[in-house]
Amino acid sequence: MRAQPEASHFINGQFVESTEGRPLTSVYPATGELIASLHSATSVEVDAAIAAAKQAQPAWAALQPVERGRILRRAADIIRDQNQALSELETLDTGKPLQETLVADATSGADCLEYFGGVAAAVNGQHINLGTSFVYTRREPLGVCVGIGAWNYPMQIACWKAAPALATGNTMVFKPSEVTPLTALKLASIFKEAGLPDGVFNVVQGFGETGNALTTHPDVAKISLTGSVPTGKRVMASAAQNLTPVTLELGGKSPLIIFEDSDLDSAVGAALMANFYSSGQICTNGTRVFVHRTVLPLFLSKLKARTEAITLGDPLDPATQMGPLVSAEHASKVLDYLDVAVREGATLITGGARAEVAGYEEGVFIQPTVFSDVTDDMTIAKEEIFGPVMSVLAFDDESEVIARANQTEFGLAAGVFTSDLTRAHRVVAALDAGTLWINNYNLSPVEMPFGGIKQSGIGRENGLAAINYYTQEKSVYVECGVIDAPY
Ligand code: NDP
């Protein structure tokens with residue numbers, strides 16, 4: 001097996017194997033080749049990982065913040081040095097094309113570690129003057145944090161959770177998705193090489209039940225999940241048992257609104273990026289593309305031509321632009337949506353079926369698909385598909401499109417294309433979403449707070465905002481005068 005890790009788990013600075021847990025495998029989605037065989041953690045490994053994180057936390061928190069930051073920045077450098085190998089591993093684990101993983105996965109994780117490594121020494125409380133007395137606040141770590149990841153950006157998600165948690169003096173137990181278990185283990189050994197003390201970052205593998213064991217553990221002070229809305233609800237309910245705070249990065253059905261005065265080529269480019277990058281398996285995707293009726297025919301003809309030019313193939317081939325979906329099971333759900341769309345009356349512009357890629361018959365590739373004449377009540381306009389399926393909806397005026405864009409239980413992201421500056425800001429202010437773009441789509445630099453509202457989530461990752469979700473503020477009142485008591 002070409003990507004077999006040293007062991008399934010990484011606990012207290014060591015790779016740990018236990019064959020007691022359920023078997024868990026990783027396959028290369030393009031070929032079905034078994035690339036690694038691991039085991040799920042049992043309660044023994046879960047308890048050991050949490051105990052290690054708990055034991056390591058006070059000393060880690062007591063380190064000078066600048067020293068914690070230096071270790072994170074060293075890890076970022078190692079990731080960049082190993083980017084080629086890490087990207088190939090991520091491609092094998094997820095099926096995403098190397099063209100993407102080389103620039104968007106490990107590298108964005110490195111950016112995050114570098115950013116929070118720099119921020120670590122600048123996390124401070126406040127000083128509040130009260131005349132003869134004053135208050136100061138301390139920003140303190142929470143303790144043992146649990147990170148649980150989805151399968152679409154395994155390395156990036158691990159870094160987005162570990163970097164702010166560790167920078168602020170917490171320790172972490174991370175559980176990757178059972179579908180993509182490999183790069184989190186690499187991250188753990190890179191941290192060790194960078195000088196991270198044992199127990200500060202631990203990885204346990206497993207399915208939902210391992211996630212549940214972590215989220216209900218009494219020694220856990222914080223949970224950060226990236227996953228679907230139903231899982232988010234389950235995690236929040238489990239966390240309620242111990243009143244453990246949660247950050248939830250969940251799904252979406254985001255609108256991308258293209259006004260008649262847009263630079264149409266840029267808008268088409270953004271719509272493509274917003275639907276077909278990572279085979280459409282991105283939470284922030286702008287899957288409801290609202291196009292002003294006057295530019296719709298031209299938009300669709302440009303869109304069709306560029307969509308049909310997308311190259312599908314072996315993800316490890318640097319020329320491939322789109323790979324298979326992450327698993328046959330997930331792909332079959334996406335294929336079902338294509339049937340439903342046609343049945344409900346959407347017009348197929350291009351794609352609409354499984355794609356055959358010679359030599360890769362075991363992988364499930366889906367043609368990049370565009371539907372037009374989509375109406376708000378259609379299933380494909382309401383449900384998160386998580387595949388390469390774009391819905392184009394016509395609109396006539398601004399207030400109408402805002403109301404329709406907001407008519408969803410989700411609120412993760414949104415985009416607006418227009419050359420009217422005033423309209424751009426007016427519309428983003430009116431949209432229900434946590435992460436928005438004007439004249440671009442799907443860029444998430446680490447400096448930008450990231451997250452959703454409504455059922456798309458709670459809390460923010462990245463940016464200085466993330467610090468608030470991994471620390472607690474302790475207030476200290478300091479008396480400098482004489483105490484006057486009424487008794
Ligand atoms: P899931 O919700 O199925 O799983 C997410 C993680 O939670 C996995 O590690 C999963 O383990 C774990 N899990 C499942 N059940 C439980 C439980 N009861 N308690 C604790 N953990 C549990 O999501 P997917 O992996 O299928 O990812 C796709 C979803 O993630 C989409 O909805 C997408 O929108 C969302 N997402 C959100 C992002 C954001 O930042 N907002 C970014 C990326 C994706 P296992 O895999 O073993 O089942």
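The basis for the numbers below is simple: all heavy atoms, side chains too, and nothing from hydrogens, waters or symmetry mates. As the structure lists them, so they are numbered: ligands from 1, and atoms in each ligand from 1.
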*asked:* Using the rule given for ring pair (Phe, Tyr, Trp, His ring centres under 6.0 Å), can you reason through W60 versus F201, listing the C-alpha separation, both sets of side-chain angles and the distance that settles it, and then say yes or no?
replied: CA-CA 11 Å; W60 175 244; F201 183 76; over 10 Å; no
*For G251, counting its heavy atoms only, list the atoms of ligand 1 lying under 4.0 Å from any of them.*
32 (O), 34 (O)
_Please find the pair of heavy atoms, one from C283 and one from F450, that lie closest to each other, and give the distance._
SG-CZ, 4.2 Å
*Quick one: does S456's side chain have a donor or acceptor within less than 3.5 Å of a partner on K454's backbone?*
no
*Could you check atom 35 (C) of ligand 1 against the protein and tell me its nearest heavy-atom contact, residue, atom and distance included?*
G227 O, 3.1 Å
*What is the nearest protein non-hydrogen atom to atom 43 (C) of ligand 1, stated with its residue, atom name and distance?*
N152 ND2, 3.1 Å
*asked:* Can you see whether F290 has R404 sitting over its ring - NZ or CZ less than 6.0 Å from the centre and within 45° of the normal?
replied: no
*Measure from atom 36 (N) of ligand 1 to every heavy atom in G452, C283, G252, A413 and give the option owning the shortest one.*
C283
*asked:* Looking at ligand 1, is there an atom of it that comes within less than 4.0 Å of some heavy atom belonging to G206?
replied: yes
*asked:* As a check for students: among G149, S177, S327, A237, identify the option with a heavy atom nearest to atom 6 (C) of ligand 1.
replied: G149
*Over 12 foreign heavy atoms within 6.0 Å of CD, E473*: yes
*Identify which of T216, I148, T226 has a heavy atom lying nearest to atom 5 (C) of ligand 1.*
T226
_Is it the case that the side chain of N170 and the backbone of P141 share a donor-acceptor pair, with hydrogens and angles ignored and the cut-off at 3.5 Å?_
no
*At what distance is the nearest protein heavy atom to atom 19 (N) of ligand 1, and which residue and atom is it?*
N212 N, 3.5 Å
*Select the closest option to atom 48 (O) of ligand 1 among K175, R234, E178, judged by heavy-atom distance.*
E178
*asked:* So if I count the atoms of ligand 1 from 1 in the order they appear, which ones are less than 4.0 Å from some heavy atom of V235?
replied: 19 (N), 20 (C)
*Nearest-neighbour protein heavy atom for atom 28 (C) of ligand 1, which is reported as residue plus atom name and distance*: F386 CE2, 3.7 Å
_Element-labelled atoms of ligand 1 that are located less than 4.0 Å from some non-hydrogen atom of L225_ = 6 (C), 7 (O)
*Identity of the nearest option to atom 41 (N) of ligand 1, non-hydrogen atoms only, from I157, V326, L250, T231*: L250
*Is the backbone N or O of G169 less than 3.5 Å from a side-chain atom of Q57, with the two atoms forming a donor-acceptor pair by type?*
yes
*Do any heavy atoms of F450 fall under 4.0 Å from ligand 1?*
yes
*For atom 25 (O) of ligand 1, what is the nearest protein heavy atom, given as residue, atom name and distance?*
W151 CD1, 3.0 Å
*Would you say the side-chain atoms of Q281 pair up with the backbone N or O of V326, donor to acceptor, closer than 3.5 Å?*
yes
*Using heavy-atom distances, let me know which of G211, S40, G208 sits nearest atom 15 (N) of ligand 1.*
G208
*Quick check: does T215 get an N/O under 3.5 Å from an N/O on ligand 1?*
no
*For atom 34 (O) of ligand 1, which protein heavy atom lies nearest, and how many Å away is it?*
E384 OE2, 2.6 Å
*With distance as the sole test, does T435 use its side chain to make a donor-acceptor pair with the main-chain N or O of G451 at under 3.5 Å?*
yes
*Cation over ring face, K96 and Y153, 6.0 Å, 45°*: yes
*For F207, take its heavy atoms, then give the atoms of ligand 1 lying under 4.0 Å from any of them.*
47 (O)
*Without swapping roles, check the side chain of K222 against the backbone of Y469 for a donor-acceptor pair under 3.5 Å.*
yes
*Give a yes/no verdict on a cation-pi contact between R2 and Y28, requiring under 6.0 Å between NZ or CZ and the six-membered ring centre and an angle within 45° of the axis.*
yes
_For ligand 1, the portion of L412 having any non-hydrogen atom under 4.0 Å away_ = side chain
*Under 3.5 Å, N or O to N or O, is A150 touching ligand 1 that way?*
no
*asked:* Looking at E45 and S18, would you say the former's side chain and the latter's main chain have a donor-acceptor pair under 3.5 Å?
replied: no
*asked:* Give me the nearest non-hydrogen protein atom to atom 23 (O) of ligand 1 as residue plus atom name, then the distance to 0.1 Å.
replied: S228 N, 3.5 Å
